[in-house]
Amino acid sequence: MSSISLLLRRAFSTSAAPSAVANYNNIMRHEADLKKVVETFKKYTQDSNFRKRASFYEHTVRRLSNTKNFTLIEEILEDQKKYKDITDEGFTVRLITLYGKSGMFDHAHKLFDEMPELNCERTVLSFNALLGACVSSKNFDKVDGFLRELPVKLSIKPNVVSYNTVIKALCEMGSFDSAFSLLDKMEKEGLKPDLISFNILLNAFYKNSRFSDGERLWAMMEIHNVVPDIISYNSKVYGLILESRIQEAVDFVQEITSKGLKLDVYTYTILFRGFCSDGKYLGEAKRWFDEMMKTKCPPNHLTFAILLRYACKNNDFHFGSRLCRALFYRRCRLNEVGLLQKVVDGVVKQKNIREAEEVLVQGSVPNVKSLSVITGIKVQDRPFEDIQFKPKGSKNSSRTGFSQKNQRQTCLSGNQFVSSASCMQILLRSMFKLLADLSV
DNA sequence: ATAGGGTTAG
């Protein structure tokens, strides 16, 4: 009990004087009303320093895009046209990219077309931004036409980035051979395929069960003097796992290490996913997890989700609770709270009360019943009365790490408490949310 | 301006 309230107190206490930037972050994070978010954004962007901060644009637009508020996205991005920055190609390119990422391809295209009248020069940068917007908005089929028409029309010479983007689009459409043949086309245009060109192709081939096509690329890379990096190798590990060649994948990973390359979180996570197919790899999974810790390669929420499910499935709750501790330490959010509950239940069943306690205290699994069973705390009607929180309509469930099922009981009005169970849930959810926010 | 993870299970 005391540890939990300590955690809560820490989570709810306000931190020291925020700068303008932190201030903005605070306002935006806690503001549930998206109309107000938009107003605040527009107000802040009157400041020219603020307009240089690409990440604010990204955060705000991503949030509006996640909730499908496309009108509001249009409102803030179109509003930017009134600033002199719009004559700076870099600034406009960012807006085009944001439209693309929000899936608003027509807006991206329109802005590109408007650039001359906005007094903004168009070079290969904005051309590439337009191509990129096709890809991110999944208008893959448009890319090829743009590559054929626009360079002539606008006297822009495509560069490696342009071609890489087209290769990506063709791969996404499943036109692997056309994508591959663009390497030749590039060379004819006097451009050298680079690491990114090859990584796009490696990924596409191995991921789409074209293992032998993938294998052929390595020799080509050598010819082009392109040195593979960990992203290149990860594609192959993925390919091996996809073909259930687990041991070969392990051997290949060893080989990567012996080349002096550092494995990254992707490498491990791909391996773990391969191990999951069979309980016999549990020891191997632990060994690689230790390796991860030893080499200071921090696991992320996906790594934890995969390993936790694997541990639970094989009744290894000791490993499970160890994973939970690492998970809380890293302040990762799981999109499946049920997994934590499984660990607690498993540990309790095996009578490792102490471990269960730790998982609970650190992770606050929102199950009041197991909470009171394990800790012996009797849940009162009005716990934590000293803590105020805003329950109304905070809808960003994705940040809290709680499933939709757990969300539906949010029915408080004002600061009134309801039953102890849902109160506890809401309280814990708020705590999770705050912990998540603090870790950003 | 371009590159990379998942899907459980009742």
Side-chain angles (χ1 to χ4, degrees), chain A residues 54 88-101 108 111-112 115 122-136 140 143 146-147 150 156-172 179 182 186 191-208 214 217 221 226 228-239 241-242 249 263-277 297 299-314 332 334-342 403 405:
Chain A
D88 169 21
E89 191 183 15
F91 184 78
T92 306
V93 157
R94 269 166 41 198
L95 302 183
I96 292 177
T97 307
L98 289 169
Y99 271 135
K101 284 185 177 152
L111 182 53
F112 180 81
M115 285 174 74
R122 276 189 303 206
T123 71
V124 68
L125 285 183
S126 39
F127 172 63
N128 290 345
L130 180 67
L131 295 181
C134 295
V135 172
S136 49
F140 306 119
V143 173
F146 283 143
L147 180 72
L150 290 183
I156 288 172
K157 188 170 160 25
N159 63 13
V160 181
V161 176
S162 324
Y163 276 94
N164 287 348
T165 310
V166 180
I167 292 177
K168 172 74 183 167
L170 290 168
C171 288
E172 289 291 334
L182 270 187
M186 281 171 91
L191 297 168
K192 286 184 185 307
D194 65 3
L195 178 62
I196 295 182
S197 325
F198 283 104
N199 278 349
I200 294 168
L201 287 167
L202 283 169
N203 178 261
F205 284 152
Y206 284 117
K207 201 158 86 183
N208 290 286
L217 285 171
M221 291 173 83
V226 169
D229 67 355
I230 189 65
I231 298 181
S232 326
Y233 291 122
N234 284 345
S235 293
K236 175 158 172 174
V237 179
Y238 191 100
I241 292 295
L242 199 64
L263 306 181
D264 69 5
V265 60
Y266 285 76
T267 326
Y268 289 104
T269 308
I270 297 165
L271 266 190
F272 292 143
R273 232 191 45 223
F275 294 153
C276 282
S277 56
C297 171
N300 61 25
H301 69 283
L302 191 55
T303 325
F304 284 122
I306 290 169
L307 284 178
L308 267 175
R309 189 176 310 121
Y310 186 44
C312 288
K313 198 169 152 193
N314 293 283
C332 282
L334 286 188
N335 39 15
E336 269 178 271
V337 165
L339 269 177
L340 301 186
Q341 190 66 53
K342 271 188 192 157
S403 71
K405 221 200 300 188

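Convention: sequence-line order gives letters A, B, ...; per-chain numbering from 1.
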> Taking syn as any angle within 90 degrees of 0 and anti as the rest, which one fits dG6(B)?
Replying inline: anti
> Of the options Asn159(A), Thr97(A), Thr123(A), Asn164(A), which is the one that meets Asn128(A) in a side chain to side chain donor-acceptor pair (under 3.5 Å)?
Replying inline: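 With Asn128(A) as partner, side chain to side chain donor-acceptor pair (under 3.5 Å) holds for just one option, Asn159(A).
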Expressed in angstrom and rounded to an integer, what is the separation of [X] atom [atom1] from [N] atom [atom2]?
X	N	atom1	atom2	answer
Leu195(A)	dT2(B)	CG	C1'	11 Å
Ile306(A)	dG5(B)	CD1	C1'	7 Å
Leu302(A)	dG5(B)	CG	P	10 Å
Phe275(A)	dG6(B)	CZ	P	17 Å
Leu170(A)	dA3(B)	CG	C1'	15 Å
Leu130(A)	dT2(B)	CG	P	13 Å
Asp88(A)	dA1(B)	CG	P	11 Å
Lys101(A)	dA1(B)	NZ	C1'	10 Å

Taking atom types as they are modelled, would you say the side chain of [X] forms a donor-acceptor pair with the base of [N] within the 3.5 Å cutoff?
X	N	result
Asn234(A)	dG5(B)	no
Asp264(A)	dG5(B)	no
Asn159(A)	dA1(B)	yes

From the set [options], return the single nucleotide nearest to any side-chain atom of [X].
X	options	result
Thr269(A)	dG5(B), dG4(B), dA1(B)	dG5(B)
Tyr266(A)	dG5(B), dA1(B), dA3(B)	dG5(B)
Leu125(A)	dT2(B), dT8(B), dA1(B)	dA1(B)
Thr165(A)	dA3(B), dG5(B), dT2(B)	dT2(B)
Arg273(A)	dA9(B), dA1(B), dT7(B)	dT7(B)

Given [N], is OP1 or OP2 found less than 4.0 Å from the side-chain N or O atoms of [X]?
X	N	result
Lys168(A)	dG4(B)	yes
Lys207(A)	dG5(B)	yes
Tyr238(A)	dG6(B)	yes

> Taking side chain as C-beta onward, heavy atoms only, is Cys297(A) less than 4.5 Å from Leu263(A)?
Replying inline: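 No, every pair of side-chain atoms sits at 4.5 Å or beyond.
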> Are Leu242(A) and Tyr238(A) side-chain neighbours, meaning at least one heavy-atom pair lies under 4.5 Å?
Replying inline: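 With C-beta onward as the side chain, the pair touches.
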> Across the strands shown, which category fits Ile200(A) at heavy-atom distances under 4.0 angstrom: base, sugar-phosphate, nothing?
Replying inline: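 The residue Ile200(A) makes sugar-phosphate contact but no base contact.
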> Base, sugar-phosphate, or nothing for Phe127(A), non-hydrogen atoms under 4.0 angstrom?
Replying inline: nothing
> Which residue pairs satisfy the salt bridge (charged side-chain N to carboxylate O under 4.0 Å, His left out) criterion with at least one member in residues 299-313 of chain A, sequence neighbours excluded?
Replying inline: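 Matches after skipping sequence neighbours: Arg309(A)-Glu336(A).
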> Arg122(A): what forms a salt bridge (charged side-chain N to carboxylate O under 4.0 Å, His left out) with it, not counting sequence neighbours?
Replying inline: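 If we apply the salt bridge (charged side-chain N to carboxylate O under 4.0 Å, His left out) test to Arg122(A), skipping adjacent residues, there are no hits.
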>> Apply side chain to side chain contact (heavy atoms under 4.5 Å, CB included) to residues Lys157(A) and Val124(A) and explain how you reach the verdict.
In response: CA-CA 7 Å; Lys157(A) 188 170 160 25; Val124(A) 68; over 6 Å; no
